[in-house]
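Read through the structure below, which is laid out as structure tokens, and then see the notes.
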2 protein chains.
Amino acid sequence: MAEFSPLVSELIEALRCLPGVGPKSAQRMAFHILQRDREGGMRLARVLAEAVAKVGECRYCRILTEQALCTICSSGKRDRSTLCIVENPADVYALDQATDYSGLYFVLKGRLSPLDGIGPAELGLDCLEKRFCEGEIREIVLATNSTVEGEATAQFIAEMAYNNAIHVSRIAYGVPVGGELEYVDSGTLSHAFAGRREYR
Amino acid sequence: MAEFSPLVSELIEALRCLPGVGPKSAQRMAFHILQRDREGGMRLARVLAEAVAKVGECRYCRILTEQALCTICSSGKRDRSTLCIVENPADVYALDQATDYSGLYFVLKGRLSPLDGIGPAELGLDCLEKRFCEGEIREIVLATNSTVEGEATAQFIAEMAYNNAIHVSRIAYGVPVGGELEYVDSGTLSHAFAGRREYR
Ligand SMILES: [Zn+2]
Ligand SMILES: [Zn+2]
């Protein structure tokens, strides 16, 4: 049976690190780059190496950035007294695009899931609590997903906020229950955000 | 509106060189690598740069390889008197996996399409004719796609073969008309290959 050359095989295998890319589409991608877009492939190799080496997270909100502070946290135009709390970095961009929210964000990078070993520390809740104590934040908007774990996470953070006399709201249901925030359409997101209600 | 950091934006943009990857999935891929699989991203960057720099084509059959001759053309176990002619490198692997064909291949990397400036020279037909003249090849199997252009290409190559008293067959219809060979299932491909018939 015909085999790919070692380097072509290795490229097909390496492309499978991308989410949603199976053997067939990895092969299609490898052939496309090598036959039709070597310049694009070269650029991707360079940018990827640089991004993996340099991109870290914003030390305030945990958004991916190669700078110490992300563009949102370092902006002079943002309301620094409001903090919207989301599970994933992608949720920040989805919300910011769909709503007129102008406060800051905090990215949990997950949700409480004791069975998977994800506790408060893994979500950066110790840092978050410290910021709650500092007094600059007067309102938080809980925008974790409407899954069981997302709700438990919201509940946990709400208690932390109550202890610091911070106003808490939760985005309105309207997003499909059990759905992932980043795949919801702008209209639904906008509606859910505008219709957020007092938490508990 | 929140913006990605310059390097994250650049990565999302660079990922769009991959076929079938739009803005949303490029973003998903970038976040996945940066959040969950930096090792995979680093490896992809390295292998991609190396492949783009080193992979060329086999000087006999035009299959992608970083060596002078591909594994098929340099194999001692292949029947060197039979040549199967396909449009794309991917077709070679699809046919070789689905059939018990053990001859050599020739990859056109396209099909005759005068309006797009793709003539015999672009498909390497001058080299192919030279090999026909040399006398080693006694049979060719035409496995170009069953599109109008694929048929015209098969016809053109068949004439070249007739002039050199080479036996010509065409893989049997059975593959969906107008379909691309590389997406056909193994069973159909195997059937079509086994049922190939004398050309014209
Ligand atoms: Zn930030
Ligand atoms: Zn070869």
Side-chain angles (χ1 to χ4, degrees), chain A residues 1-8 10-11 13-21 24-25 27-55 63-67 70-72 88-90 92-93 95-97 105 109 182-183, chain B residues 1-8 10-11 13-21 24-25 27-55 63-67 70-72 88-90 92-93 95-97 105 109 182-183:
Chain A
M1 199 164 88
E3 276 165 17
F4 300 114
S5 76
L7 201 45
V8 174
E10 218 187 324
L11 178 56
E13 190 51 42
L15 282 162
R16 298 204 45 202
C17 79
L18 300 171
V21 175
K24 197 82 191 175
S25 51
Q27 184 187 312
R28 201 168 129 245
M29 288 173 169
F31 281 144
H32 176 86
I33 289 172
L34 294 172
Q35 286 185 101
R36 279 173 228 136
D37 193 11
R38 288 187 179 235
E39 206 174 316
M42 195 68 94
R43 180 174 167 231
L44 176 56
R46 182 179 50 72
V47 174
L48 189 52
E50 195 184 346
V52 169
K54 294 187 188 165
V55 172
I63 282 177
L64 291 165
T65 176
E66 65 273 24
Q67 283 129 2
C70 73
T71 50
I72 297 176
N88 306 302
V92 170
Y93 303 98
L95 281 171
D96 227 59
Q97 202 153 18
Y105 290 92
K109 303 205 297 177
E182 73 176 285
Y183 300 111
Chain B
M1 199 164 89
E3 275 163 20
F4 301 113
S5 76
L7 201 46
V8 173
E10 219 188 323
L11 177 57
E13 191 50 42
L15 282 162
R16 298 205 42 203
C17 79
L18 300 171
V21 175
K24 197 83 192 176
S25 49
Q27 183 187 313
R28 201 167 130 246
M29 287 172 169
F31 281 143
H32 176 86
I33 290 171
L34 294 172
Q35 287 185 101
R36 278 173 231 137
D37 194 10
R38 289 188 178 234
E39 206 174 317
M42 195 66 98
R43 179 172 169 233
L44 176 56
R46 182 179 50 73
V47 174
L48 188 53
E50 194 183 348
V52 169
K54 293 187 186 165
V55 171
I63 282 176
L64 291 166
T65 176
E66 66 273 23
Q67 284 130 2
C70 73
T71 49
I72 298 176
N88 306 303
V92 170
Y93 303 98
L95 280 171
D96 227 60
Q97 201 153 16
Y105 290 90
K109 301 206 297 177
E182 74 176 283
Y183 301 111

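All chains are named by letter (A, B, ...) in the order of the sequence lines, taking the proteins before the strands, and each is independently numbered beginning at 1. Please read all numbers here as calculations on a predicted model, not as lab measurements.
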Under the rule for side chain to side chain contact (heavy atoms under 4.5 Å, CB included), what residues qualify as partners of Ala90(A), not counting sequence neighbours?
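Ala90(A) satisfies side chain to side chain contact (heavy atoms under 4.5 Å, CB included) with Glu182(A), Gln27(B), Phe31(B) only.
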Can you tell which part of Thr71(A) gets under 4.5 Å to a heavy atom of chain B, answering side chain, backbone, both or neither?
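Thr71(A) touches chain B through side-chain heavy atoms alone.
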Interface moiety of Arg16(A) toward chain B, non-hydrogen atoms closer than 4.5 Å:
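Neither; nothing under 4.5 Å.
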How close do [X] and [Y] get, heavy atom to heavy atom, and via which atoms?
| X | Y | answer |
| --- | --- | --- |
| Arg38(B) | Val52(A) | NH1-O, 2.9 Å |
| Ala45(B) | Ala49(A) | CB-N, 3.7 Å |
| Val47(B) | Leu7(A) | CG1-O, 4.4 Å |
| Gly20(B) | Arg28(A) | N-NH2, 4.4 Å |

Identify which part of Tyr105(B) has an atom lying under 4.5 Å from any heavy atom of chain A, answering side chain, backbone, both or neither.
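No part of Tyr105(B) comes within 4.5 Å of chain A.
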Does any backbone or side-chain atom of Leu15(B) lie under 4.5 Å from a heavy atom of chain A? Answer side chain, backbone, both or neither.
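Both backbone and side chain.
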Can you tell me how far [atom2] of [Y] sits from [atom1] of [X], rounded to the nearest 0.5 angstrom?
| X | Y | atom1 | atom2 | value |
| --- | --- | --- | --- | --- |
| Glu66(B) | Leu34(A) | CD | CG | 10.0 Å |
| Leu44(A) | Glu13(B) | CG | CD | 11.0 Å |
| Lys54(A) | Leu11(B) | NZ | CG | 13.0 Å |
| Glu10(B) | Leu48(A) | CD | CG | 11.5 Å |
| Met29(A) | Cys17(B) | CE | SG | 9.0 Å |

Tell me, do Gln67(A) and Pro6(B) make a side-chain contact under 4.5 Å, heavy atoms counted?
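Yes - at least one pair of side-chain heavy atoms lies under 4.5 Å apart.
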Hey, which of Val8(B), Leu64(B), Ile72(B) has the most heavy atom pairs under 4.5 Å with chain A?
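So the answer, after comparing Val8(B), Leu64(B), Ile72(B), is Leu64(B).
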